[in-house]
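Just so you know, ligand 1 is whichever comes first in the structure, and atom 1 is the first atom listed for that ligand. Starting from 1, each residue takes its place in the sequence as its number.
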Amino acid sequence: MDNRKEFLTKEFSKRFQGKPEVWTRAPGRVDLMGSHTDYNLGYVMTMTIDRETWLAASPRADRVVNIYSVDMKSGAEFSLDDLKKDEKTPWVNYVRAVAKYSMEAGYKLKGFNAIVHSTVPFSAGLSSSAALEMAIAMTFQAVSGFEMDPVEMALIGQKAENHFIGVNSGILDQYSSAMGEAGKTILLDCRALRSSLVNISPELKIVICDTKAKRNLLGSEYDDRRKQCEAGVAILQKLDPKIESLRDVSFEDFDAAKDQMPDPVRKRCQFILEENQRVLDLAEPLSKNDGVRLKELFSSSYFGARDLFEIGAPAMEEMYQSMVNAPGVVAARQAGAGFGGCMVALVHPQKVDAFSASVIKEYKQRTDLDAEIYAVEASDGASII
Ligand code: GLA
């Protein structure tokens, strides 16, 4: 941490006058259960990871934001009075978007100079964009002198993605980054926008397995899944007008309606119903280290994601096989939106090194790709440092 501060102070001084006065951070996230349940207003078991986006900033007297990313090696300067999308430095659009929707919510923002640095891998399904949004929102609060409720902050980040960036995502990523807690996972209710803390047994390590496979079709496939779930809701609503989302559908309702559902709508709905139930079922075995149950829940989530929700990828299948064959593995599944990116395993703590070595070797043999494997701990949600 001291090294990181020292490094960012130097980077800051290269570009701006003086030293940073404000430090903020926000973590990435990994979901332990609940793929695509968020926009269906269901449940997710999610946790922050100890990979974080940091901002080193100093307030400005005017309404200008000047920001530079050490990772992207690019930056931009813009006025808070002129927030237009700019494709020259696309990552800065997240900054503009958070500014825009914070102001729309009534907050009075001041300008700042800042350096950004992130240890959340980009485009891997670990929410690097939500981490940036939440760190930016924290920075605006610190330099402008106001406090925002973290759930409101998450909603502003989601609005930024949906309306400015044009990604139709749910609340999962921003909520996790804003509301996560060190050492815990959270059971998030995406309709109530409330969460409760769940213990992870000390006998389990959370290990991220990055397939390093490119996620090309992500945008359009993601939107298709949303539309198919909405089509399912429309059919179910004819049977019961009280149904507003798949969250309201019981297995009995689904059984009564499924013959009227064309494929793939039926498969998509079945997955979401089952996945929601798995989230609720996960808290107990996760805190008690019930290996048999954890394996059951994780593997049925993976098979459902692959065969019913169809968010798999050839590289994910090879990674799944490499994970379940490795020493020390308790359970393994997909993470994030799917279609490549990262997956997640529960591993016995003493076996993490052996697990990693085995996965890297087997995955390389199967795909010729170099996987990246690392254990993570949950860190606190977005904060001023
Ligand atoms: C992406 C989206 C989230 C969520 C997940 C799938 O990470 O940004 O809102 O839908 O996919 O669970």
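Per-residue contacts place Asp38 under 4.0 angstrom from the following atoms of ligand 1 (heavy atoms of the residue considered): 3 (C), 4 (C), 9 (O), 10 (O). Each of the atoms 12 (O) of ligand 1 lies under 4.0 Å from some heavy atom of Gly34.
The closest non-hydrogen atom to atom 10 (O) of ligand 1, taken over Tyr175, Tyr39, Tyr222, comes from Tyr222. Atom 1 (C) of ligand 1 has its nearest heavy-atom neighbour, among Gly341, Ser169, Ser127, Ala337, in Ala337. Residue Asp173 holds the heavy atom nearest to atom 8 (O) of ligand 1 of all those in Val167, Ile311, Asp173.
The part of Arg29 lying near ligand 1 is the side chain, judged by heavy-atom distances below 4.0 Å. Only the backbone of Ser35 comes within contact range of ligand 1, with a heavy atom under 4.0 Å; no side-chain atom does.
Partners of Phe303 according to the ring-ring contact (aromatic ring centres under 6.0 Å, His included) rule, which considers only residues two or more places apart in sequence or in another chain, are Tyr320.
Checked by distance only, ligand 1 and His36 come closer than 3.5 Å through their nitrogen or oxygen atoms. Considering backbone and side-chain N/O atoms, Gly170 comes within less than 3.5 Å of an N/O atom of ligand 1.
Salt bridge Arg266/Asp263: present, at least one basic N to carboxylate O contact under 4.0 Å. Salt-bridge annotation for Lys84 and Asp82: present, with a side-chain N of the basic residue lying under 4.0 Å from a carboxylate O of the acidic one.
Side-chain contact annotation: Ser250 with Asp253, donor-acceptor N/O pair under 3.5 Å present.
Heavy-atom minimum distance, Thr53 versus Ser118: OG1-OG, 2.7 Å.
Separation of atoms CD (Glu147) and OH (Tyr107) is listed at 10.0 Å; rounding is to 0.5 Å. Residue Ile272 holds its CD1 atom at 10.0 Å from CG of Leu308, rounded to the nearest 0.5 Å.
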